[in-house]
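A quick write-up on the structure given underneath.
Throughout, a chain's letter reflects where its sequence line sits, starting with A, and its residues are numbered from 1.
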Protein chains: 2
Amino acid sequence: MVRKPTSKETARKPNMREAILAAAEELFATNGFNAVSVRDIAQAAGANPGSVTYHFKTKDGLLLEIYRRHCGPMNLRRSELLAAAKRVRDLQDRLEAIVRAYVVPAFTSGSDLAGGGARFTRLRAVMSAEGNEVARRIIAQTFDDTSHAFIDAIHESLPHVPRTEIVWRSHFLLGALYYSLVTPERVSRLSRGEADGSDAAAAIEQLVQATVASFQAPALDQAAPARRRAAASNKT
Amino acid sequence: MVRKPTSKETARKPNMREAILAAAEELFATNGFNAVSVRDIAQAAGANPGSVTYHFKTKDGLLLEIYRRHCGPMNLRRSELLAAAKRVRDLQDRLEAIVRAYVVPAFTSGSDLAGGGARFTRLRAVMSAEGNEVARRIIAQTFDDTSHAFIDAIHESLPHVPRTEIVWRSHFLLGALYYSLVTPERVSRLSRGEADGSDAAAAIEQLVQATVASFQAPALDQAAPARRRAAASNKT
DNA sequence: TTATCTTTTGTACGATAGTACAAATCACAT
DNA sequence: ATGTGATTTGTACTATCGTACAAAAGATAA
């Protein structure tokens with residue numbers, strides 16, 4: 001039966017299910033899917049192993065539910081930000097706004113799970129690297145629409161760059177985004193402590209700045225298979 | 001005891017050990033460390049599970065040996081290419097040569113294992129995502145020197161960009177590189193078949209082009225902490 | 001209260017994991 | 001051919017995996 005909100009409180013639902021989801025999300029995101037056992041998750045959530053089976057049936061089902069929880073709100077948030085970005089008149093500013101609309105939801109707070117969050121993005125990065133089948137299916141059918149929308153929007157503000165190259169460069173963006181969340185400590189280490197890889201605001205600014213520049217690079221697709229130095233034509 | 005090269009041939013050593021290494025490399029790179037069992041590896045190599053234990057003692061030892069096999073030659077190759085790149089006079093061309101020196105060895109042929117190769121790079125990407133401890137240790141102590149050398153070289157050809165930002169952008173480069181090798185089919189899919197994500201030459205050109213542009217982006221570190229207009233209002 | 005659901009617990013089962021180890025086999029110097 | 005060390009095989013042990021399931025506990029409506 002569908003549960004109905006009971007008399008006393010509407011929000012005071014038992015949090016065991018949520019605790020399991022949160023613990024699983026964290027553990028999967030940091031250790032991968034196969035390295036984490038159901039018992040690990042249960043322990044981290046303060047629950048009984050059997051409780052995981054009860055709520056999610058299988059370990060795959062648990063992962064599936066994590067995705068279901070986040071995908072909708074995250075894509076919604078991205079769509080809203082994208083729509084706002086498309087209303088920017090200046091092409092240069094619009095491009096930056098579009099990129100920001102793509103990047104920001106991926107980084108912002110895992111505390112309010114309203115949509116996106118760094119933890120879920122890191123989870124996606126890890127699942128992608130592991131070639132997880134469950135994740136692969138969900139991603140292709142959930143994120144491709146959004147990805148196409150962003151690619152098209154970027155293409156519109158960079159009409160002289162072939163769509164194929166936009167695809168490549170947005171692919172690089174996602175890779176950079178993922179990697180920034182997977183190993184932020186590498187940034188701190190290589191910068192000898194001068195930068196903090198875990199600083200989401202800094203990561204966003206750096207990523208947006210670098211990515212916008214990469215999108216604005218001249219196309220190489222059709223023109224020059226042999227690239228001589230026409231490279232001085234660096235317009236901005 | 002140490003094996004000595006025998007009379008007949010020097011190179012005709014039994015290939016079981018090599019076969020195991022190759023099979024493990026492939027399986028780890030595509031499925032992650034924990035998802036692959038020693039028995040899987042043995043079967044793929046046409047060997048007996050016990051044979052793996054004999055040659056590498058533990059599963060970790062096998063992974064360790066894979067890294068040992070590749071790290072030396074790969075860093076050597078990168079150093080050579082970097083040294084050559086640094087001799088390029090024109091700053092713009094030099095930057096591109098440096099980036100290329102970093103990227104090319106990561107992509108080129110897994111058939112001759114002389115140094116680098118896409119398969120090993122993909123392996124590193126996956127291990128990094130999984131937070132593998134063995135890999136983490138090796139990487140920090142093996143690749144950081146090379147990374148610093150590249151960062152310094154890039155910094156020299158872009159003196160006006162703070163080193164911290166070079167670090168960020170080269171981090172993005174590595175992330176893009178990794179991701180291109182992890183999910184090349186995504187490029188094919190999003191480009192609706194117009195690009196082939198598995199085409200190493202194309203990936204290299206696209207990555208170099210995009211990365212050089214991102215390095216040449218103006219620095220944002222000191223100048224403008226508040227960008228003109230925040231495209232999206234962040235409540236948070 | 002009692003009756004009925006939902007949730008949690010405890011435990012158990014079969015499968016598979018990594019690894020150890022003795023026996024069998026192979027390669028080669030003598 | 002024979003002995004010796006290197007390699008391969010087969011098997012077994014223990015630990016842990018995902019999952020099932022019955023019983024206990026908790027909650028809700030009458």
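For B:Lys59, whose side chain is taken as the heavy atoms from C-beta onward, the closest listed nucleotide among D:dT7, C:dA20, C:dG18 is C:dG18. Set against D:dA20, D:dT19, D:dG10, the side chain of B:Asn48 has D:dG10 as its closest nucleotide.
For the pair B:Tyr54 and D:dT7, the criterion of a side-chain N or O lying under 4.0 Å from OP1 or OP2 is met. At least one side-chain nitrogen or oxygen of A:Ser51 sits closer than 4.0 Å to the OP1 or OP2 atom of C:dT8.
For the contact set between residues 27-44 of chain A and DNA chain C, defined by any heavy atom under 4.0 Å, the members are A:Arg39.
Distance A:Phe56 CZ to D:dG18 P: 15 Å, rounded to the nearest Å. In this structure, A:Ile20 atom CD1 and C:dT8 atom P are separated by 7 Å, rounded to whole Å.
Look at A:Asp152 and A:Arg163 and you find a salt bridge, because one of the NZ, NE, NH1 or NH2 atoms lies within 4.0 Å of a carboxylate O, short of that distance. Electrostatic pairing of A:Arg69 and A:Glu18 counts as a salt bridge here, judged by a charged N lying under 4.0 Å from a carboxylate O. Of the charged side-chain nitrogens involved, none lies within less than 4.0 Å of a carboxylate oxygen, so that B:Glu80 and B:Arg77 do not count as a salt-bridged pair.
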(message) Reading 5' to 3' and counting Watson-Crick or G-U wobble pairs with both distances under 3.5 Å, write the dot-bracket notation for DNA chain D, | for bases paired outside the strand.
(response) ||||||||||||||||||||||||||||||

(request) For B:Phe172 and A:Phe172, run ring-ring contact (aromatic ring centres under 6.0 Å, His included): C-alpha distance rounded to whole Å, both residues' side-chain angles, the deciding distance at 0.1 Å, then the answer. (result) CA-CA 8 Å; B:Phe172 299 151; A:Phe172 299 151; over 10 Å; no

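The nearest heavy atom of DNA chain C to A:Pro49 and to A:His55 marks one nucleotide each, and the one closer to the 5' end goes with A:His55.
The closest side-chain donor-acceptor pair between A:His70 and A:Glu25 falls under 3.5 angstrom. Side-chain contact of A:Ser37 with A:Asp40: a donor-acceptor pair under 3.5 Å is present, judged by distance alone.
Proximity of a side-chain donor or acceptor of B:Ser170 to a complementary backbone N or O of B:Val167 within less than 3.5 Å is detected.
Applying the ring-ring contact (aromatic ring centres under 6.0 Å, His included) rule to pairs touching residues 32-51 of chain A yields A:Phe28-A:Phe33, sequence neighbours excluded.
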